[in-house]
4 protein chains.
Amino acid sequence: MGQQCSAVIIGVGPERGLGATLAKRFSAEGLHVFIAGRSEEKLQQVARSIMQQGGTVTCVVTDATQEHDICHLFEVIQLNTAALQIAVYNVDSNIPAPILETETEIFAQLWQQNCLGAFLFAKEAIACMQPNRQGTLFFTGATASLRAKPPFTAFASAKAALRALAQGLAREFSPEGIHVVHTIIDGVINGDRAAQQFPEYYQSKGEQGLLKLEAIADTYWSIHCQHPSAWTHELDLRPFKEPF
Amino acid sequence: MGQQCSAVIIGVGPERGLGATLAKRFSAEGLHVFIAGRSEEKLQQVARSIMQQGGTVTCVVTDATQEHDICHLFEVIQLNTAALQIAVYNVDSNIPAPILETETEIFAQLWQQNCLGAFLFAKEAIACMQPNRQGTLFFTGATASLRAKPPFTAFASAKAALRALAQGLAREFSPEGIHVVHTIIDGVINGDRAAQQFPEYYQSKGEQGLLKLEAIADTYWSIHCQHPSAWTHELDLRPFKEPF
Amino acid sequence: MGQQCSAVIIGVGPERGLGATLAKRFSAEGLHVFIAGRSEEKLQQVARSIMQQGGTVTCVVTDATQEHDICHLFEVIQLNTAALQIAVYNVDSNIPAPILETETEIFAQLWQQNCLGAFLFAKEAIACMQPNRQGTLFFTGATASLRAKPPFTAFASAKAALRALAQGLAREFSPEGIHVVHTIIDGVINGDRAAQQFPEYYQSKGEQGLLKLEAIADTYWSIHCQHPSAWTHELDLRPFKEPF
Amino acid sequence: MGQQCSAVIIGVGPERGLGATLAKRFSAEGLHVFIAGRSEEKLQQVARSIMQQGGTVTCVVTDATQEHDICHLFEVIQLNTAALQIAVYNVDSNIPAPILETETEIFAQLWQQNCLGAFLFAKEAIACMQPNRQGTLFFTGATASLRAKPPFTAFASAKAALRALAQGLAREFSPEGIHVVHTIIDGVINGDRAAQQFPEYYQSKGEQGLLKLEAIADTYWSIHCQHPSAWTHELDLRPFKEPF
């Protein structure tokens, strides 16, 4: 009988969010899931939902930008005997503003959340995966990863930094058997966050203009299942109705 | 009982080639496959192999660069009652040479095979798919699609032209429900062609340095299965050992 | 006393056009200019204007897509004792259309004019420049060189092919002292062509929204003057008011 | 009599460095130059050299990553009556290392120096330039701005962040008459820094394989002189011998 495997997702918030959906999907595939995020309440809610569908889950309250928190998260993961198969850096923080109205603190925070946290998380995840010479490391990018448009300049700068980090990691660790993936979510996700943060924009898209959470999770799973002889490093995902 | 569906692949050559492998895979998923290529003998061999695994197949000898041939191929497809679900433009023609030694005829031929044929094929495939408002149209690209390096300049020019064509088609037809995909095969495929065309290079790569045919086909299939709310237009595929 | 130098520009049409403006500018810098294009009348008019400002000029009626014409053009150039310093491929042909309404002939013609002609021209220009181990070879690109948007898909495919050609040439011939440059004209040129071909769009841009011919020529000249230790291969040019 | 104009360059170090060379060049064109950097001694040396060639200069010891320092720099600039014509963010900090051996502090520092400082500097420079509706803002990028290769992953991440910032600024402020330029220095500069930091690599390049400081400065100046109807936002600069 095979050893159980595990996945860790950081950036798990509301149940109708990408982090939670990935956790549920990986759980449904038989993996133990570690879910990490800043809100204990939200983690608990997602955990209940995973357990109700028969999965096992560990919640770890984590601020992705704090090295101490990331280290603690991976200490918890290492205590577990399940081999870490998947690690997803799903933190995504976006505060639109004209540049002259962007405070230094905000500019730095967007970078810390979208990129520095990814660096901290990646180092620990890779250290976990190296002994097994396998595992998939996902970074969730956005339209802005490729193009900087006001008022999203600060966000784009942070996402471009993340993209380059992911590319460098792929070049460094693919030969060791670690699959590094950067996804470009080009559009609005049909989840709680956009519905609350940009309600009018969200409405204007209509259901066909939004990315379904489960559809994104399907692709993450199939990319994880790719044979190492034909790995994808980067791919875009957008609703068929989305202009680009 | 559901209507049978079909797929068409153009650029089907040796059995250990990408065209043949995609045909076998789509057949294994229950689709009737139309296979097209210049060599009747090779098509027949692939067809036998598909039938042996229980599939149904139609061979159409086709030169992808000849409008008349492409029209005839789609007339055959239209006679069939199966809805066309997948169309793959898999023609790939590469003749490395320094630019000053590249004959005009060769420069033109590479463009005709890698790009003009794709244009002819796409127009017919889209016309077939539009009434059903669905279908996936694949174009097989290469490393050179993104970077022109001598002695592959003529090839890169043709592949860049193909990539732009695919991108324009995606923008034009995605909203109509047609999924347009451009794959970037970044490496050497473990098939008959590279083994024969570049035997030393092929050997030097070793098995871990080559793309497995079946692994590529897995990804084509899962991209075809994507929900329209989260479609991928472009993705790269490379062996984990491949430097990039 | 130094030997006179020369420049050749192909794609010279109306006087208020980029080809003519480059010719006048290079002439003003002291170069003998060879101007090539399909209309003898237009060439003569540009030639008169160059001679009026004290320059010397040779007109060669040339269809850039005809190998025979290109060879003849360079035979004329080789008869001259002036060393060829600059060669500009400035042919730009754009016929917007939805893909399903784009005739094969039009798709092929756009490629022939935007890319095949550049290949023919580049081979001859490089052969002229190689003995001197110097010279600048310009290719005029467009917004569509980087992005394919309907109804410009066929044009974008041809321009992407040109861009890859230029990139491969730069990699192959820079080490031999030949400077290969690809410009991306991202906007509408304030010349006769746009005024006639897209009068309403042209008007809507306003003077500040259009590229001034002389301003483009200034940049071509300063790029030509770059020291070989710091050459530019690619640069964009757009009006300050142009959204991008 | 015209009002004198000024330029500010941050990231001025050794005399044989890009910052110092740009300062000398802008001074030779008649601009008063403000030079900023961390080492008072190096600034003084560059200042002497500028004054010896007849220019006027103000030194401001500045740590580009410190908001307070940047604000102070621009207070000094604002005291002067010369209109700020050029602002160059020339800070470039590169510490190669495998990712698992890259300390968090180093990762953060590279971002602060290559990107955060640029953000602080750009805000102040733009505020200075807006009332005149003119000025050129340069950001010096590198090969790594476009590609992340180990052991330069952290550097590449920071440079990609800078590039996106520059792109967003160009989109936001070009319409207001501020020219935002991102240069990609693709190669090794023939200056003191590379000679000291990577002596063997520097030697191996040979003189023809290195970017001449004055040649880079020529291009910065001619880009600054571009007419607003045909502005360049991004361009690469590399030695003709450099493979790319």
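Heavy-atom basis, side chains included; hydrogens, waters and symmetry copies ignored. Chain A is the first sequence line, chain B the second, and so forth, proteins listed ahead of strands; every chain is numbered from 1.
For the options Ala230(B), Pro243(B), Cys225(B), Ser222(B), heavy-atom pairs under 4.5 Å to chain A are most numerous at Ala230(B). By number of non-hydrogen pairs under 4.5 angstrom with chain A, the leading residue of Lys241(B), Arg238(B), His227(B) is Arg238(B). With chain A as partner, the option from Gln208(B), His233(B), Glu242(B) having the largest number of non-hydrogen pairs under 4.5 angstrom is His233(B). The greatest number of non-hydrogen atom pairs below 4.5 Å with chain A, out of Thr183(B), Asp236(B), Leu235(B), Leu211(B), is found for Asp236(B). Comparing Pro239(B), Ala170(B), Gly187(B), Gly177(B) by heavy-atom pairs within less than 4.5 Å of chain A, the highest count is held by Pro239(B).
At distances below 3.5 Å, not a single donor-acceptor pair connects side-chain atoms of Asp218(A) with backbone N or O atoms of Gln226(B). Put simply, the side chain of Ser229(B) gets close to the backbone of Lys212(A): a donor and an acceptor are under 3.5 Å apart. Under a 3.5 Å cut-off, the side chain of Arg171(A) and the backbone N or O of Phe244(B) do form a donor-acceptor pair. The main-chain N or O of Leu237(A) is never found under 3.5 Å from a side-chain atom of Thr232(B) such that the two would form a donor-acceptor pair.
Around CD of Gln53(B), the count of heavy atoms belonging to other residues, nucleotides or ligands within 6.0 Å exceeds 12.
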For residues 116-136 of chain B, please give each side-chain donor-acceptor pair under 3.5 Å, one per line with the distance, not counting sequence neighbours.
| from | atom 1 | to | atom 2 | distance (Å) |
| --- | --- | --- | --- | --- |
| Lys123(B) | NZ | Thr102(C) | O | 2.6 |
| Gln130(B) | NE2 | Glu176(B) | OE1 | 2.8 |
| Thr136(B) | OG1 | His224(B) | ND1 | 2.7 |

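Heavy atoms closer than 4.5 Å to chain B are found in the backbone of Leu210(A), but not in its side chain.
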